[in-house]
Amino acid sequence: MRLIVGTIIVFVCVFGSYAAMGAHLEVLWQPFEFVIILGAAIGAFIIGNPGPVLKAVPSMLGTLVKGPKYKQACYVELLGMQFSMYKLAKSKGMTAIEPHIENPHESTLFNAFPTFAANHHAVEFVCDYMRMVTMGADNAYEIEALMDEELETHHQEQERIVGAMQSLADGTPALGIVAAVLGVIKTMGSIAEPPEVLGHLIGGALVGTFFGVFVAYGFFAPMAASLKSTFEAESKYYLSLKAGLLAHIGGQPPVMSIEFARKALFSDVRPTYSEVEAATAALPATV
């Protein structure tokens with residue numbers, strides 16, 4: 001929704017004001033200038049980015065339209081899942097966790113929390129570290145260092161996507177100049193034409209500069225910023241898991257472990273202690 005609203009505001013303010021000044025919108029219609037700029041930008045994007053980033057373009061566009069995929073209800077569910085898992089481990093021992101982490105797709109524990117169960121990376125993250133605990137790993141500092149390394153790798157993968165979009169924003173103004181220069185070259189070939197013809201040709205050339213700057217700072221740069229903030233918000237999902245897991249490994253009771261996990265969330269989506277308490281109280285005694 002933010003993408004749609006922002007796009008409408010940009011178009012109305014720029015082209016509406018241009019038309020209100022008495023200018024003619026049809027002068028801005030220079031399709032070949034657009035092809036030069038956007039075509040070169042797409043080609044440069046393909047040259048400058050590896051396959052995984054190019055494959056991520058459809059999901060990147062989906063992220064821009066939808067925004068962060070986790071709402072407050074998702075975090076309440078995440079804390080409830082952690083509470084159930086830690087309570088099961090505390091009450092029945094780590095052997096009771098093994099069937100769930102070895103076969104998470106059929107786990108009654110995980111499937112009781114559908115948002116979490118549908119997140120392959122989050123399920124894998126939890127299963128990997130709980131498996132390490134069942135195998136005897138109990139040094140919270142060493143496990144934290146390993147978690148940090150894994151989460152940093154995940155962050156770098158997302159940063160490549162943000163960097164690709166930012167590079168697109170940085171490059172399109174220069175490609176606009178390329179289109180403008182080509183328009184000027186075309187104009188110089190018609191230097192013997194009357195002033196009104198030359199004026200039209202020069203105006204068409206300048207549209208290239210306008211369009212390059214317009215799409216760069218009106219769309220591509222804000223999109224890069226939006227992706228960055230979205231990925232940062234979504235990273236809190238894993239940081240909450242990390243905080244809860246480390247608290248559990250450190251010997252904290254389930255209610256304290258999820259309090260550690262809750263504190264890792266951004267304030268705009270962080271449920272209150274009372275909300276978490278009510279949600280965990282409503283969970284079944286056994287999973």
*Are the side chain of Asn111 and the backbone N or O of Ala117 linked by a donor-acceptor pair below 3.5 Å?*
no

*asked:* Treating Asn103 as the side-chain partner and Pro99 as the backbone partner, does any N or O pair qualify as donor plus acceptor under 3.5 Å?
replied: no

Side-chain heavy-atom pair [X], [Y] within 4.5 angstrom cut-off:
{"X": "Arg2", "Y": "Ser226", "result": "yes"}
{"X": "Leu175", "Y": "Ile36", "result": "no"}
{"X": "Thr115", "Y": "Leu78", "result": "no"}
{"X": "Thr63", "Y": "Leu227", "result": "yes"}
{"X": "Pro271", "Y": "Leu265", "result": "yes"}
{"X": "Phe211", "Y": "Val215", "result": "yes"}
{"X": "Cys127", "Y": "His100", "result": "no"}
{"X": "Ser235", "Y": "Leu151", "result": "no"}

_Residue pairs passing the salt bridge (Lys or Arg N to Asp or Glu O under 4.0 Å) test where at least one lies in residues 101-122, sequence neighbours excluded_ = Glu102-Arg131

*With sequence neighbours left out, which residue pairs that include part of residues 61-81 fulfil the salt bridge (Lys or Arg N to Asp or Glu O under 4.0 Å) condition?*
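Output for this query is empty, none listed.
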
_Audit row: Met81, Leu241, side chain to side chain contact (heavy atoms under 4.5 Å, CB included) steps and yes/no_ = CA-CA 10 Å; Met81 184 284 299; Leu241 282 171; 4.0 Å; yes

Honestly curious: do [X] and [Y] fall in one hydrophobic cluster under the side-chain, below-4.5 Å linking rule?
{"X": "Leu28", "Y": "Val184", "result": "no"}
{"X": "Phe219", "Y": "Val14", "result": "yes"}
{"X": "Leu246", "Y": "Tyr75", "result": "yes"}
{"X": "Val133", "Y": "Met135", "result": "no"}
{"X": "Phe210", "Y": "Val178", "result": "no"}

Residue pair [X] / [Y]: nearest heavy atoms and the distance that separates them:
{"X": "Gln82", "Y": "Gly244", "result": "OE1-CA, 3.5 Å"}
{"X": "Pro104", "Y": "Val123", "result": "CB-CG1, 3.5 Å"}
{"X": "Ala224", "Y": "Val162", "result": "O-CG1, 3.7 Å"}
{"X": "Ile258", "Y": "Val255", "result": "CG1-O, 3.4 Å"}
{"X": "Ala56", "Y": "Ile161", "result": "CB-CD1, 3.8 Å"}
{"X": "Val27", "Y": "Gln30", "result": "O-NE2, 3.1 Å"}

Straight-line distance of [X] [atom1] to [Y] [atom2], nearest 0.5 Å:
{"X": "Glu234", "Y": "Tyr70", "atom1": "CD", "atom2": "OH", "result": "6.0 Å"}
{"X": "Leu201", "Y": "Met188", "atom1": "CG", "atom2": "CE", "result": "11.5 Å"}
{"X": "Glu33", "Y": "Leu206", "atom1": "CD", "atom2": "CG", "result": "9.0 Å"}
{"X": "Ile37", "Y": "Ile42", "atom1": "CD1", "atom2": "CD1", "result": "12.0 Å"}
{"X": "Met60", "Y": "Leu54", "atom1": "CE", "atom2": "CG", "result": "9.5 Å"}
{"X": "Leu79", "Y": "Cys74", "atom1": "CG", "atom2": "SG", "result": "11.5 Å"}

_Measuring centre to centre across the rings, with the benzene-like ring taken for any Trp, is Phe214 within less than 6.0 Å of Phe11?_
yes

_List the residues meeting salt bridge (Lys or Arg N to Asp or Glu O under 4.0 Å) with Glu259, not counting sequence neighbours, and say none if there are none._
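For Glu259, the residues satisfying salt bridge (Lys or Arg N to Asp or Glu O under 4.0 Å) (neighbours in sequence not counted) are Arg262.
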
Could you list the residues that satisfy side chain to side chain contact (heavy atoms under 4.5 Å, CB included) with [X], not counting sequence neighbours?
{"X": "Tyr129", "value": "Phe125, Met132, Ile143, Leu146, Met147, Glu150, Leu245"}
{"X": "Ala23", "value": "Tyr18"}
{"X": "Ile9", "value": "Val5, Cys13"}
{"X": "Glu232", "value": "Lys228"}

_Connected-component partners of Val213 among ILVMFWY, side-chain separation under 4.5 Å_ =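 Via sub-4.5 Å side-chain contacts, Val213 links to Tyr217.
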
*With side chain to side chain contact (heavy atoms under 4.5 Å, CB included) as the test, would you mind laying out the steps for Thr134 and Ile101 before giving the verdict?*
CA-CA 10 Å; Thr134 63; Ile101 61 178; 4.1 Å; yes

_Within residues 167-189 or reaching into it, pairs that qualify as side-chain hydrogen bond (donor to acceptor under 3.5 Å, both in side chains) - sequence neighbours excluded_ = Gln166-Asp170

*ring pair (Phe, Tyr, Trp, His ring centres under 6.0 Å) with Phe116: which residues, sequence neighbours excluded?*
Phe110

*asked:* Going by the rule ring pair (Phe, Tyr, Trp, His ring centres under 6.0 Å), which residues pair with His154 if we only count those two or more places apart in sequence or in a different chain?
replied: Tyr238

*Just wondering, more than 12 heavy atoms not from Tyr273 lying within 6.0 Å of its OH?*
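No.
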
*Do other residues, nucleotides or ligands put more than 12 heavy atoms under 6.0 Å from the CD atom of Glu149?*
no

_Phe113 vs Ser84, test: side chain to side chain contact (heavy atoms under 4.5 Å, CB included). Steps then yes/no._
CA-CA 10 Å; Phe113 305 93; Ser84 297; 3.6 Å; yes

_For Asp148, give me all partners under side chain to side chain donor-acceptor pair (under 3.5 Å), at least two apart in sequence or on another chain._
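By the side chain to side chain donor-acceptor pair (under 3.5 Å) rule, Asp148 matches Lys242.
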
*Aromatic ring pairing His248/Tyr86, orientation class (parallel under 30°, perpendicular over 60°, tilted between)*: parallel

*asked:* Using side chain to side chain contact (heavy atoms under 4.5 Å, CB included), reason through Leu182 and Phe32 one step at a time and then give a plain yes or no.
replied: CA-CA 11 Å; Leu182 290 175; Phe32 291 109; over 6 Å; no

